[in-house]
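Here is the structure we will look at.
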Amino acid sequence: VPWRNKAISSNLAVLQSEAGCNKENMADKLKDTGAISFLEAAVKISHTSPDIPAEVQMSMKDHIMRRTRIQRQTTEPASSTRHISFKRHLPRQMHVSSVDYGMDPPAVAEQPTSIGRIKPELYKQKSVDSEDPKKEAAKTCGKINFALKYDYENETLTVRILRAFDLPAKDFCGSSDPYVKIYLLPDRKRKFQTRVHRKTLNPTFDESFHFPVPHEELVSRKLHLSVFDFDRFSRHDMIGEVILENLFEASDLSRETSIWKDIQYATTESVDLGEIMFSLCYLPTAGRLTLTVIKCRNLKAMDITGYSDPYVKVSLLCDGRRLKKKKTTIKKNTLNPTYNEAIIFDIPPENMDQVSLLISVMDYDRVGHNEIIGVCRVGVNAEGLGRDHWNEMLAYPRKPIAHWHPLVEVKKSFKEVPR
């Protein structure tokens with residue numbers, strides 16, 4: 001019995017030791033299998049890639065484990081990225097800079113605000129820079145000195161061209177051959193011209209010219225000076241022009257008055273198209289706008305005979321689209337027609353800020369197309385006298401308000417779009 005118990009005890013010890021070895025071997029096998037499967041899943045780039053050495057595998061394993069740990073610590077909702085990008089677009093698209101979502105870091109939240117403060121200054125600087133070339137172009141044309149005097153006994157205006165200064169060079173030699181043309185608008189049939197001064201940018205003319213004109217017409221006359229560069233073999237080049245709107249700007253012309261003016265850049269001579277007088281009257285209770293075409297004066301001659309066959313077309317515009325149009329009668333062979341014709345439009349008071357009137361003076365042609373002599377526009381969005389005339393009409397309802405309007409060439413902004 002004693003020897004049998006000893007044998008059993010030794011067998012149990014062997015079995016326990018074998019079981020322990022098997023347990024350790026199984027744990028090692030499972031550990032190796034897990035490492036290999038992890039590395040095969042994480043490191044293998046494709047089925048065709050070569051096997052990676054053990055040292056590289058271990059470094060890659062450590063790197064992947066650290067990256068996984070960092071991702072677990074910094075994981076955030078996926079929508080936060082979209083919110084950040086969306087907020088960055090808000091200041092540019094919707095001009096919203098005070099919205100706080102509570103997700104953005106302080107640097108991102110402050111960036112749109114700083115950009116918002118800088119942009120207006122940049123635009124302001126850009127606009128100033130864009131105006132400088134125009135000012136420089138006007139300055140490079142130089143200056144002209146002339147004198148005016150009116151003889152009340154003989155009813156004659158004397159224009160004395162004295163000198164020009166700092167003219168631009170038009171010739172290859174770095175000089176010019178300047179001379180001056182003189183008009184007393186709107187009359188272009190009577191014109192004068194100075195002598196040509198060779199190879200100089202600072203000519204001295206000292207020449208006088210006389211325009212017979214009644215004193216009461218001086219208010220409506222304009223002095224037009226055109227400076228040219230003489231060219232013997234080709235067309236003369238225009239240097240610039242000066243238009244003096246008010247002859248009484250410096251004095252009453254009883255004595256000779258010297259005037260200096262900047263020569264404005266121009267490539268062609270300005271053409272005076274004439275003027276039109278009409279009155280505006282609005283009745284708010286009836287919603288009725290009455291435009292009375294009174295007369296025109298000094299219209300541009302469109303026919304070979306030196307006259308025109310003018311009529312007036314009035315278009316009612318809303319957002320650039322023509323709603324209605326009406327015309328006056330045609331006046332034959334005249335540059336100073338008289339109409340006294342009323343044109344009526346029905347416009348509710350609440351729509352007066354949305355409409356405007358385009359007044360076109362046309363030349364009737366029996367054979368071809370009718371030609372536009374000139375246009376003017378009145379309305380809230382018009383410019384200068386057109387806007388002032390419209391506002392004066394609204395300020396004094398039920399009262400006709402009449403003004404003279406200069407005709408201008410058709411611009412893109414004046415063109416009407418048919419409905």
Side-chain angles (χ1 to χ4, degrees), residues 185-186 216-222 243-249 270 272-300 310-329 331 336-362 372-417:
L185 301 179
E216 58 271 12
E217 293 184 10
L218 288 177
V219 179
S220 60
R221 294 299 190 97
K222 302 175 185 178
I243 299 179
L244 185 63
E245 301 280 349
N246 183 13
L247 297 178
F248 297 97
E249 178 180 298
S270 302
D272 191 44
L273 303 177
E275 295 176 287
I276 181 173
M277 174 186 277
F278 58 87
S279 66
L280 296 174
C281 181
Y282 185 65
L283 302 178
T285 54
R288 180 179 300 170
L289 173 62
T290 302
L291 184 148
T292 303
V293 181
I294 301 173
K295 58 183 176 180
C296 299
R297 66 185 180 189
N298 303 317
L299 295 180
K300 179 183 177 183
Y311 69 93
V312 180
K313 179 178 71 172
V314 183
S315 301
L316 177 64
L317 306 179
C318 181
D319 296 330
R321 293 188 172 273
R322 186 181 68 205
L323 303 181
K324 294 181 180 180
K325 67 174 181 179
K326 297 184 179 181
K327 305 175 183 178
T328 65
T329 57
K331 304 298 179 180
N336 300 280
T338 300
Y339 298 96
N340 292 320
E341 300 180 29
I343 296 176
I344 300 174
F345 296 101
D346 293 324
I347 307 172
E350 60 271 15
N351 299 123
M352 287 296 289
D353 292 340
Q354 304 171 1
V355 300
S356 61
L357 296 178
L358 180 64
I359 298 94
S360 306
V361 180
M362 312 288 294
I372 299 177
I373 299 177
V375 300
C376 67
R377 184 177 180 180
V378 292
V380 175
N381 298 323
E383 298 178 355
L385 182 58
R387 180 183 62 251
D388 297 339
H389 194 174
W390 186 268
N391 292 334
E392 188 178 357
M393 172 199 67
L394 296 177
Y396 299 95
R398 297 176 294 277
K399 179 182 178 181
I401 307 295
H403 284 293
W404 282 102
H405 289 257
L407 298 176
V408 298
E409 295 180 351
V410 181
K411 300 179 182 178
K412 290 183 179 179
S413 57
F414 282 171
K415 289 184 179 179
E416 55 192 47
V417 180

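Count residues from 1 along the sequence. Below, each value reflects all heavy atoms present in this structure, side chains not excepted, and no hydrogens, waters or symmetry copies.
- Between the Thr328 side chain and the Val312 main chain, a donor and an acceptor come within less than 3.5 Å of each other.
- Here His403 and Phe278 keep their ring centres 6.0 angstrom or further from each other.
- Taking CG of Leu323 as the start and CD of Gln354 as the end, the distance is 10.5 Å to the nearest 0.5 Å.
- Side-chain contact check for Val378 versus Leu280: some heavy-atom pair is nearer than 4.5 Å.
- At least one side-chain heavy atom of Leu289 sits less than 4.5 Å from a side-chain heavy atom of Leu357.
- At least one donor-acceptor pair under 3.5 Å links the side chain of Tyr282 to the backbone N or O of Ile347.
- Counting heavy atoms from C-beta outward, Ile344 and Arg288 have side chains that approach closer than 4.5 Å.
- Here the side chains of Asn381 and Asp353 are not in contact, with every heavy-atom distance at 4.5 Å or above.
- Checking side-chain atoms of His389 against main-chain N and O of Ile401 turns up a donor-acceptor pair under 3.5 Å.
- Summarising the geometry, atom SG belonging to Cys281 is positioned 9.0 Å from atom CZ belonging to Arg398; distances are rounded to the nearest 0.5 Å.
- Residues Leu273 and Leu299 fail the side-chain proximity criterion, which asks for heavy atoms closer than 4.5 Å.
- Partners of Asn336 by side chain to side chain contact (heavy atoms under 4.5 Å, CB included), not counting sequence neighbours, listed by chain and number: Arg297, Asn298, Thr334.
- Expressed to the nearest 0.5 Å, how far CD1 of Ile276 lies from CD1 of Ile359 amounts to 7.0 Å.
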task: Show the numbers, then the answer: is there a side-chain contact (heavy atoms from CB on, under 4.5 Å) between Leu185 and Arg221?
output: CA-CA 6 Å; Leu185 301 179; Arg221 294 299 190 97; over 6 Å; no

- request: Check the pair Trp390 / Val355 against side-chain contact (heavy atoms from CB on, under 4.5 Å), numbers first and verdict last.
  value: CA-CA 11 Å; Trp390 186 268; Val355 300; 4.2 Å; yes

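- Contact check for Thr329 versus Tyr311: no side-chain heavy atoms found under the 4.5 Å cut-off.
- In terms of heavy-atom proximity, Pro349 sits nearest to Pro284 at CG-O, 3.4 Å.
- Between the CG atom of Leu247 and the CD atom of Glu217 there is a distance of 12.0 Å, given to the nearest 0.5 Å.
- Residue Phe248 places its CZ atom among more than 12 non-hydrogen atoms of other residues, nucleotides or ligands, all under 6.0 Å distant.
- Checked against salt bridge (Lys or Arg N to Asp or Glu O under 4.0 Å), Glu341 has no partners two or more places apart in sequence or in another chain.
- Atoms OG and NZ, from Ser315 and Lys327 in turn, are 9.5 Å apart once rounded to the nearest 0.5 Å.
- The distance from atom OG of Ser360 to atom CD1 of Ile373, rounded to the nearest 0.5 Å, is 10.5 Å.
- Nearest approach of Val293 to Tyr339, heavy atoms of both residues: O-CB, 3.5 Å.
- Taking the salt bridge (Lys or Arg N to Asp or Glu O under 4.0 Å) definition, one finds that Lys222 meets it with Glu245, sequence neighbours left out.
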- prompt: Are Ile372 and Val361 close enough, and set up right, to give a side-chain contact (heavy atoms from CB on, under 4.5 Å), and what steps lead you there?
  reply: CA-CA 6 Å; Ile372 299 177; Val361 180; over 6 Å; no

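- More than 12 heavy atoms of other shown residues, nucleotides or ligands fall within 6.0 angstrom of atom CG in Asn340.
- The closest side-chain heavy-atom distance from Trp404 to Ile294 is not below 4.5 Å.
- Counting only distance, with no hydrogens or angles, the side chain of Arg387 and the backbone of Ala382 share a donor-acceptor pair below 3.5 Å.
- Between Met352 and Leu394, the closest side-chain pair of non-hydrogen atoms falls below 4.5 Å.
- Nearest heavy atom pair, residue Pro406 against residue Glu275, reads CA-CG, 4.0 Å.
- Remark: Lys326 is positioned above the aromatic ring of Phe345, its terminal NZ or CZ atom under 6.0 angstrom from the ring centre and at most 45 degrees off the axis.
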